[in-house]
**Student:** 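Just dropping this structure here.
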Amino acid sequence: MELEMQKVWEEEDTYRFNPDSDRPLFSIDTPPPYASGKWHIAAAIHYSQIDMIARTQRMRGYEVYFPFGVDRNGLPVEVETEKRYEIKMFEYPREEFLRLCREFLDEAEQDILSIVKRLGISADTKNYFQTDSEKWRAVTQATFIDAWNKGYIYEDYRPNIYCPRCRTTLADAEVEYKELPTRLVYLKFKVEGSEEEVVVATTRPELLPACKAVIYNPDDERYKWLRGKRVVTPLGDAIPVMEHPYADPEFGTGLVMICSYGDKMDVQLFRELGLEPKIVVNEDGALNENAGEYAGLTIQEARERIIRDLERKGFVERIETIMHRTPVCWRCKTPLEIVPMREYYLKQVDLIHELEEYLDVVRFYPEWASNYWRDWLKSVSSDWPISRRRYYATEIPVWYCKSCGKPVLPPPGKYYQPWKEDPPYDKCPHCGSTAGFEGEKRVFDTWMDSSISPLVYNGFGWDDEFFSKLGSSDLRPQGKDIVRTWLHYTFLRVHQVLGKPAFKHVWISGMGLDAKGRAMHKSLGNIIYPWPLFEKYGADAVRFFGAAEAHHGSDFRISERKIEGAYKFLQKLWNVARFISQFEEPKGMPELEPSDLWILGELNKSIRRALSGYERFDFFDPANEVRIFIWDVFAPHYIELVKGRAYGDCVDEGKSAAARWTLHYVLRAVLRLAAPVIPHITDYIWRSIYGGTVHRELFPEVREEWDTEYLELGRKVMEFNSLVWKTKKERGMRMKDPIEMKIPEDLKPFEEDLRKLHNIK
RNA sequence: GGGCCGGUGGUCUAGCGGCUAUGACGCCGCCCUUACGAGGCGGAGGUCGGGGGUUCGAGUCCCCCCCGGCCCA
């Protein structure tokens, strides 16, 4: 049934976006999933929730632009490709390596697209975007050229976080921390001009050649006497002893050696203390000539060697093994180094204040999720290094004049590959030389591409007319884990390009966890794949679970039990619809009976709750409200109550019509209310009973004239029903058996329906 | 170490100072038969994360701590 619906939607293009519609436009900045590896169920649910947003907006009267894109740039695919073919990127021809990456991406992409389609996601997957397409990359480069012209780009030589394995610099956001066992080596330093010794503990003995100072905490009385003195390292260098609060008296001996560079703190201390760095680690992760006899060794080798040497010479007091919080590469988990390199930077520090103002105008769902971004803005302290020494990414569109060496940029609008192409000019604008140009070999950080998604999707740089209608996207839906990267960078970049907030609405979701509450990771082996669940329960059941399981914004645990429960609810809905479909729907509204007014009042209540949930893009209330209404109220009480009347058993035609009319009215309302969450079954029913598609309908409205006193009485009817059923059971009677019962005075209006239902004499 | 969010029976959830703490899913009995492999009736299951305090009275307000998730240092 679901597959059948999906085919119909595709054939009739149900969700086609018409930019010239007279409805207000609403555009969604769909997260482009990364095309590597297989999707787990949490990702599938995330995208179906985003789909619910799109469907909600359609039913609220918007013309919704819901594009789809696939992220194909960057490290992960390079790593996967290296693994699959057992090759090393830098030892492989660049062109050829790119081809292998593309092959891998095409496969992964198809896997994702098939899941997206199976979920019934109403995005435009026919014309999907790819972040590595010429179209997208040309826009990335155009916005870079724009930023360059506006003075946001600069190149600087400074310490960078560097992954020796991936041979690239990393942004702060790409650094992870891992507790790793490390040896803490206690080294003896001599105090200059005396025979006294002090002991310094370090996890990085191989950086001893780069050691430029030793610090202690100003509150640490043990070392006050060292103030102003110098100490001699085991390698014979005399270096100053300084006070700095960074030194933790509890760690090691309380003395810390400062080297260029062991970690980010070293970088800061070198600056603060005015020390001259001595660089000993090269870009390939090996020590250089500054390391003296250790030159040419890798960091690991140098560490072993220096420990051995120093032990032999008696400089090692002792060695402890500790758990140390080590910065590692987010992708390959290799411990990171700090290496000074020349890199391009995009300014952001100067703009933080302007971005903070957006916190007041952009609406976050849930409201408190804005804290994620607010906190990050507070802690941004350096500009964004945007160049990378990798292959599979957008090239930096710069050539350098072979004569004067100055950078020259091409005009925006085209996709450039400077490492293999000639520039679109032959004379240097700086020196006039025609000596030719050297193409830039570096590429961009992939967030440079993804951070302009709301521009690319909406036509910026490739369809001006389209873009003029849409502007930047209206809503960004995404997970909370990438606020400081994707969300932050998008606001930054769009601000630089347009001078406006990228979005009006930002929707932040929690994470789907496994049954024990852990995130799904390959390494944990706890990944739940979606296909078996689709086959057993269908996409709607999975979607319903995704909506009804937890409030928006909080993490939720995946439970097959609950998905099964959702499936049962869908069955119930199906049968309710089947029952109602046997009755003809009366044309005009007949005069309604108390029972009818009661259920319509209940319906009002449910519509109110559901719509207020939809307004917040929170599907918890809508899903649960519909379920409770159908399952606990409408089916067991109202339908039972009016069954006889609907069939027309010994009642007049008007009363029968009232029941039939109400049944259909409620069904129509409920189907529309549930359509964003469970699009397949609702449309299937809608089409077979009423014709047309439910997905082009609007949400049902509250009709206040139905907020009557029967609403309250109806609750009593439900209690009375229970009482009758219980009494019959106690007396060992069958449900159909006639019974003598007194109907409470206040339920008189319902008397006729009640008598029929319970066969009351 | 800091920030944010959260912590109510196995799971999700109502509750926003006041009766013996909701409801759902799941579980266990019994019953029934239908628009429905569904339903009806009953049942087991909770120190409301812990400890203090405010109050006549606290999941509900305040403080401290613990745990989980995410992020940062």
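Being a predicted model, the structure only gives us computed values, none of them experimental. Naming: A, B, ... by sequence-line order, numbering from 1 per chain.
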**Student:** Could you state the CZ-P distance from A/Phe545 to B/rU11, rounded to the nearest angstrom?
**Tutor:** 13 Å
**Student:** Tell me, please, whether A/Trp507 has A/Arg616 positioned over its six-membered ring: NZ or CZ under 6.0 Å from the ring centre and within 45 degrees of its axis?
**Tutor:** no
**Student:** Whole angstroms only, please: what is the CH2-P distance between A/Trp574 and B/rU34?
**Tutor:** 22 Å
**Student:** Is B/rG59 in the syn or the anti form, by the rule that syn lies within 90° of 0?
**Tutor:** syn
**Student:** Of all the nucleotides listed (B/rA35, B/rC4, B/rA24), which has the minimum atom distance to the side chain of A/Val576?
**Tutor:** B/rA35
**Student:** Within the structure provided, determine whether A/Trp376 and A/Leu487 are in side-chain contact (heavy-atom separation under 4.5 Å).
**Tutor:** no
**Student:** So, is A/Lys572 close to the B/rA35 phosphate, meaning a side-chain N or O under 4.0 Å from OP1 or OP2?
**Tutor:** no
**Student:** For nucleotides B/rC31 and B/rA38, find the distance between their C1' atoms and express it as a whole number of Å.
**Tutor:** 14 Å
**Student:** In the structure shown, which nucleotide is the Watson-Crick or G-U wobble counterpart of B/rG42, with both distances under 3.5 Å?
**Tutor:** B/rC28
**Student:** Does any nucleotide pair with B/rG6 by Watson-Crick or G-U wobble geometry, both distances under 3.5 Å, and what is it?
**Tutor:** B/rC67
**Student:** If you pin A/Ala635 and A/Lys480 to their nearest nucleotides in RNA chain B, which one's is more 5'?
**Tutor:** A/Ala635
**Student:** Taking the same atom, C1', in B/rU47 and in B/rU54, what whole-Å distance lies between them?
**Tutor:** 22 Å
**Student:** Rounded to the Å, how far apart are A/Gln571 CD and B/rC36 C1'?
**Tutor:** 8 Å
**Student:** Show, in sequence, the C-alpha distance, side-chain angles and deciding distance for A/Arg645 and A/Glu593, and conclude whether the salt bridge (Lys or Arg N to Asp or Glu O under 4.0 Å) test is met.
**Tutor:** CA-CA 10 Å; A/Arg645 194 142 58 83; A/Glu593 294 292 301; 5.3 Å; no
**Student:** In whole angstrom, give me the gap between the C1' atoms of B/rC64 and B/rG69.
**Tutor:** 22 Å
**Student:** Rounding to a whole Å, what distance do you find between A/Trp376:CH2 and B/rC71:P?
**Tutor:** 11 Å
**Student:** What is the nucleic acid contact for A/Glu367, judged by heavy atoms within less than 4.0 Å: base, sugar-phosphate only, or nothing?
**Tutor:** nothing
**Student:** Would you mind classifying the nucleic acid contact of A/Lys568 as base, sugar-phosphate or nothing, using non-hydrogen atoms under 4.0 angstrom?
**Tutor:** sugar-phosphate
**Student:** Partner lookup for B/rU34, please. Criteria are Watson-Crick or G-U wobble with both distances under 3.5 angstrom; report none if nothing qualifies.
**Tutor:** none
**Student:** Among B/rC5, B/rA24, B/rA35, which nucleotide sits nearest the side chain of A/Asp632?
**Tutor:** B/rA24
**Student:** Rounded to whole angstrom, note down the C1' distance from B/rC12 over to B/rG52.
**Tutor:** 31 Å
**Student:** Within a 6.0 Å radius of atom OH on A/Tyr567, are there more than 12 heavy atoms belonging to other residues, nucleotides or ligands?
**Tutor:** no
**Student:** Measuring only the P atom in each nucleotide, how far is B/rC71 from B/rG59? A whole number of Å is fine.
**Tutor:** 35 Å
**Student:** What is the distance from CD1 of A/Ile508 to C1' of B/rG69, rounded to the nearest Å?
**Tutor:** 15 Å
**Student:** What integer distance in Å separates A/Asp555:CG from B/rC71:P?
**Tutor:** 11 Å
**Student:** NA contact type, A/Arg374, heavy-atom cut-off 4.0 Å: base, sugar-phosphate, or nothing?
**Tutor:** nothing
**Student:** Provide, to the nearest angstrom, the distance between the CD atom belonging to A/Gln582 and the P atom belonging to B/rU34.
**Tutor:** 14 Å
**Student:** Is any side-chain heavy atom of A/Leu346 closer than 4.5 Å to one of A/Arg493?
**Tutor:** yes
**Student:** Taking atom P in both B/rA21 and B/rG45, what distance in whole Å separates the two?
**Tutor:** 14 Å
**Student:** Taking only N and O in the side chain of A/Lys562, is any of them less than 4.0 Å away from OP1 or OP2 of B/rG26?
**Tutor:** no
**Student:** Which class fits the ring pair A/Phe579 and A/Phe583: parallel under 30°, tilted 30 to 60°, perpendicular over 60°?
**Tutor:** perpendicular
**Student:** In whole Å, I'd like the distance from the CD atom of A/Gln478 to the C1' atom of B/rC70.
**Tutor:** 13 Å
**Student:** For nucleotides B/rC65 and B/rG3, find the distance between their P atoms and express it as a whole number of Å.
**Tutor:** 10 Å
**Student:** Taking side chain as C-beta onward, heavy atoms only, is A/Val506 less than 4.5 Å from A/Phe491?
**Tutor:** yes
**Student:** Strictly by Watson-Crick or wobble contacts shorter than 3.5 Å, is anything paired with B/rG1, and which nucleotide is it?
**Tutor:** B/rC72
**Student:** Does A/Trp631 place a side-chain N or O at less than 4.0 Å from the phosphate oxygens OP1/OP2 of B/rG39?
**Tutor:** yes
**Student:** Find which nucleotide of RNA chain B each of A/Ile639 and A/Ile628 is nearest to by heavy atoms, and output the residue with the more 5' nucleotide.
**Tutor:** A/Ile628
**Student:** What integer number of Å spans the C1' atoms of B/rC16 and B/rC25?
**Tutor:** 26 Å
**Student:** Need one value for A/Phe620: base, sugar-phosphate or nothing, where a base atom within 4.0 Å counts as base even if backbone is also close, heavy atoms only.
**Tutor:** sugar-phosphate
